[in-house]
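Letters A, B, ... are given to chains in the order of the sequence lines, protein chains preceding strands, and every chain is numbered from 1. Side chains are part of it too, since the values below use all heavy atoms of this structure and drop only hydrogens, waters and symmetry mates.
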Amino acid sequence: EAQVTQNPRYLITVTGKKLTVTCSQNMNHEYMSWYRQDPGLGLRQIYYSMNVEVTDKGDVPEGYKVSRKEKRNFPLILESPSPNQTSLYFCASSATGLGYTFGSGTRLTVV
Amino acid sequence: AQRVTQPEKLLSVFKGAPVELKCNYSYSGSPELFWYVQYSRQRLQLLLRHISRESIKGFTADLNKGETSFHLKKPFAQEEDSAMYYCALRSTGTTSGTYKYIFGTGTRLKVLA
């Protein structure tokens, strides 16, 4: 089944403790992206990647890192999480010219 | 500036009534526009692409370049249409040759029995 898989689905962590949210797609898509979804603000893009080793900042990249060492994986790294990064995170992938396939989301709480 | 505007946060209609979810965009090039739907506690799903001009679940959307709009329409709303709807624009990225997707803030559609 074609899909985007995110892990974990839920995560509670403490301020400053580094964490990684994984994202993997099995559709051989070149384009991958991370979004955060907050009430009243919709979806805001954090980072995106056009292909392996090609990444670029979205609208809200501060406090996040990404890497794209393999085509299928696009992990999101929070080196020192803060409470304002509490949010619902979505990973998505697409082939050129097509719309996104989204992951099921990761609900992150930073206390 | 490249922007997608969905002016309504909430739209309530009665079952069987027509629905129109508004989307306006600001983009200097030739736009590619999409509608996504998010049902309660589920992931976002692609609903429509303007390029394909398809009708999904009875929804249609026409790109109006003159009015820079891509409104989503359905002639007869169903209760199962209740969801969050997002309009999105594919635009150029910050680096030459890249692109990114810009989403509107979403409209929650409630279809009342």
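In this structure, the ring of B:Phe103 has its center no less than 6.0 angstrom from the ring center of A:Phe90.
Follow the hydrophobic side-chain contacts under 4.5 Å out from B:Phe76 and you never reach B:Leu72; the two are in separate clusters. Linking Ile, Leu, Val, Met, Phe, Trp and Tyr whenever their side-chain heavy atoms come within less than 4.5 Å puts B:Tyr39 and B:Leu109 in one cluster.
A:Ser33 does not touch chain B: none of its heavy atoms, backbone or side chain, sits under 4.5 Å away. Residue contact with chain B, scored on non-hydrogen atoms closer than 4.5 Å, involves the backbone of A:Val4 exclusively.
Note: B:Gln2 CD to A:Asp59 CG = 9.5 Å, rounded to the nearest 0.5 Å. For the atom pair NZ (B:Lys100) and CE (A:Met50), the distance works out to 12.5 Å, reported to the nearest 0.5 Å. Summarising the geometry, atom CZ belonging to B:Arg43 is positioned 10.5 Å from atom CZ belonging to A:Phe102; distances are rounded to the nearest 0.5 Å.
In this structure, B:Tyr36 contributes its side chain and A:Tyr100 its backbone to a donor-acceptor pair below 3.5 Å.
Within the 4.5 Å cutoff, the side chain of A:Leu43 has no heavy atoms near those of the B:Thr105 side chain. Considering only heavy atoms from C-beta on, A:Tyr31 stays 4.5 Å or farther from B:Arg90 through its side chain.
Looking at every heavy atom in both residues, B:Tyr101 comes nearest to A:Ser94 through OH-OG, 3.6 Å.
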